[in-house]
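The block underneath contains the structure these notes are about, expressed in structure tokens.
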Protein chains: 2
Amino acid sequence: MTSETETGATGQSMSSGRDAEAVSRFVERFASEMTEAGMQRMASRVFAALLADDDGSMTSAELAVALQISPAAVSGAVNYLTQVSMVGRERDPGSRRDRYRLLDEVWFATFASRDRVLTRWESTLKEGVRILGEDTPAGARIAETVAFFEFLQAELVGMMDRWHEHRKTLGLPARDGRANA
Amino acid sequence: MTSETETGATGQSMSSGRDAEAVSRFVERFASEMTEAGMQRMASRVFAALLADDDGSMTSAELAVALQISPAAVSGAVNYLTQVSMVGRERDPGSRRDRYRLLDEVWFATFASRDRVLTRWESTLKEGVRILGEDTPAGARIAETVAFFEFLQAELVGMMDRWHEHRKTLGLPARDGRANA
DNA sequence: CGCTACTTTCACAAATTTGTGAAGTTAAGG
DNA sequence: CCTTAACTTCACAAATTTGTGAAAGTAGCG
């Protein structure tokens with residue numbers, strides 16, 4: 001976590017010039033928007049907490065304190081987040097604590113996993129075309145859906161390249177090769 | 001619904017050359033994949049049923065029979081689907097029945113509504129940058145996230161144009177101006 | 001090799017979500 | 001207008017999901 005001198009999740013800012021309470025409100029607000037979009041609640045909260053952390057990296061215990069949840073809840077959330085490649089698990093050498101770290105290019109990874117979902121859908125939809133017959137209106141409609149998804153996946157690649165180009169023009173602070181958005 | 005002569009959701013195909021049971025399995029399978037991706041179960045099932053229907057259009061009663069659910073459940077699902085612009089509500093003139101119809105360019109609409117979500121997120125994230133300070137690592141990371149989302153939204157427009165171009169090269173059946181994928 | 005600090009797993013209780021039947025509402029057709 | 005078919009709303013029961021405490025498992029460090 002960023003500062004050891006901050007108070008807990010609902011505590012008032014102390015000396016760090018950062019309003020811990022406002023940060024916590026932001027974390028909760030963004031988490032709840034992600035939840036509305038379909039992500040599990042605890043996973044959203046953990047992710048948002050990491051996003052708002054300067055290191056982009058917190059230990060299990062830090063997360064539990066900051067979010068006021070049990071270690072078990074942290075474990076579950078973090079498990080999910082590593083599954084979908086949004087967060088990495090590290091171990092500080094010489095410590096028994098795991099650290100969880102925002103992966104490089106989180107959003108890229110997130111979109112990439114969407115991509116995997118699309119692939120699954122495509123296979124089901126192709127089966128649908130077969131069942132309905134490509135000459136039926138329904139079959140044709142579903143075939144067009146497949147075509148659209150295939151198009152989307154192809155576009156995604158180029159889009160990511162363009163993003164990396166665009167990113168350079170943004171005057172960003174240098175990458176440290178660790179936590180990034 | 002497409003055929004009045006088919007039996008119910010689990011019935012065996014009769015004369016239409018379409019295997020009703022296989023269609024139903026496809027509907028359920030695709031619906032469950034959409035559900036896994038975050039859509040409400042009943043909404044997914046209704047949507048999938050419409051997708052597999054030749055007209056892309058069914059009445060409330062037809063949906064209730066095909067999916068074995070209560071009118072109340074249809075009502076709820078359809079309400080959601082119209083909210084997110086995936087399905088349109090019509091009324092056959094001279095009838096008391098509503099018809100629900102797949103909208104033109106459903107997937108386009110779906111992505112467009114994603115777009116609205118991104119906009120909401122952006123506003124929250126910008127607030128986060130303000131709270132954390134753009135000069136802090138966390139603030140900078142979140143600012144980059146905002147930039148990425150803005151980039152994405154900009155890309156979406158061009159991508160849809162390219163899709164429409166690409167679509168023409170696909171040798172699709174002519175549009176009837178009503179139900180499409 | 002065992003102590004201890006941490007993480008994970010498990011069973012359960014609480015909360016939330018989901019779908020239903022029934023009552024209420026709306027509007028077409030007489 | 002009245003009748004009646006259809007849709008919607010509402011309260012509730014069932015099912016699912018969620019987060020917890022406690023027990024079990026792992027791995028540093030002496």
Side-chain angles (χ1 to χ4, degrees), chain A residues 1 4 8-10 27-28 31-50 57-84 87-101, chain B residues 1 4 8-10 27-28 31-50 57-84 87-101:
Chain A
M1 184 145 65
E4 300 295 330
T10 55
V27 166
E28 293 304 329
S32 112
E33 283 175 4
M34 286 195 289
T35 300
E36 278 168 47
M39 182 146 83
Q40 306 170 0
R41 176 145 32 119
M42 287 296 133
S44 302
R45 295 181 70 206
V46 166
F47 182 79
L50 287 171
S57 144
M58 296 169 78
T59 66
S60 192
E62 285 166 348
L63 284 165
V65 171
L67 301 173
Q68 306 271 48
I69 58 182
S70 71
V74 174
S75 175
V78 142
N79 237 33
Y80 171 81
L81 289 169
T82 43
Q83 285 275 331
V84 300
V87 159
R89 189 191 312 255
E90 305 176 345
R91 164 108 4 144
D92 295 338
S95 161
R96 300 169 193 186
R97 301 182 175 182
D98 282 345
R99 299 191 72 74
Y100 302 103
R101 176 178 299 282
Chain B
M1 184 143 69
E4 301 294 330
T10 56
V27 166
E28 294 303 331
S32 111
E33 283 176 3
M34 286 196 289
T35 299
E36 276 168 49
M39 183 144 83
Q40 306 170 359
R41 174 145 33 121
M42 287 294 131
S44 301
R45 296 182 70 207
V46 166
F47 182 80
L50 287 170
S57 144
M58 295 169 79
T59 65
S60 192
E62 286 167 349
L63 285 165
V65 171
L67 301 174
Q68 306 272 49
I69 57 182
S70 72
V74 174
S75 177
V78 140
N79 238 35
Y80 172 81
L81 289 168
T82 43
Q83 286 274 331
V84 301
V87 159
R89 189 191 311 256
E90 304 176 346
R91 163 108 3 144
D92 296 338
S95 161
R96 299 170 192 182
R97 300 183 175 182
D98 282 344
R99 297 192 73 74
Y100 302 102
R101 177 178 297 283

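Convention: sequence-line order gives letters A, B, ...; per-chain numbering from 1. Side chains included, hydrogens not; waters and symmetry mates left out as well; all remaining heavy atoms used. Given the structure is predicted, the values throughout are model-derived calculations rather than measurements.
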When rounded to whole Å, the CZ to P distance for the pair R91(A) and dA27(D) reads 8 Å

Between CD1 of I69(A) and C1' of dT8(C) the distance, given in whole Å, is 15 Å

S60(A) has its side chain closest, among dT8(D), dT20(D), dT7(C), to dT7(C)

Smallest heavy-atom separation, R41(B) atom then T35(B) atom, equals CA-OG1, 3.6 Å

task: Keeping the roles fixed (side chain from S75(B), backbone from P71(B)), state whether a donor-acceptor pair exists under 3.5 Å.
output: no

Here the distance between atom C1' of dT18(D) and atom CE of M39(A), to the nearest Å, is 16 Å

Taking R101(B) for its side chain and E90(B) for its backbone only, find out whether a donor-acceptor pair lies under 3.5 Å. no

From CZ of R89(A) across to C1' of dT26(D) the rounded distance in Å is 13 Å

Side-chain (R45(B)) to main-chain (L67(B)) donor-acceptor, under 3.5 angstrom: yes

So Y80(A) and M39(A), do their side chains get closer than 4.5 Å, heavy atoms only? yes

Result for 5'-nearest mapping on DNA chain C, choosing between P93(B) and P71(A), is P71(A)

Scanning both residues in full, the closest heavy-atom pair of V46(B) with L63(B) reads CG1-CD1, 4.0 Å

Rounded to whole Å, the CZ-C1' distance (R41(A) to dT16(D)) equals 14 Å

When Y100(B) and S70(A) are each assigned the nearest nucleotide of DNA chain D, the 5'-most assignment goes to Y100(B)

From CG of L63(B) across to C1' of dA6(D) the rounded distance in Å is 14 Å

Rounded to whole Å, CZ of R97(B) lies from C1' of dT26(C) at a distance of 17 Å

Between M58(A) and A49(A), the two heavy atoms sitting closest are SD-O, 4.0 Å

inquiry  = I'd like to know if R96(B) reaches the base of dA27(C) with its side chain such that a donor and an acceptor end up less than 3.5 angstrom apart.
reply    = no

Closest to the side chain of M42(B), out of dC7(D), dG19(C), dC10(D), is dG19(C)

In whole angstroms, the gap separating P of dT16(C) from CD of Q40(B) amounts to 17 Å

Within residues 75-83 of chain A, those residues having any heavy atom closer than 4.0 Å to DNA chain C are S75(A)

Among the nucleotides dG21(C), dC7(D), dT9(C), whichever has the atom closest to the side chain of A72(A) is dT9(C)

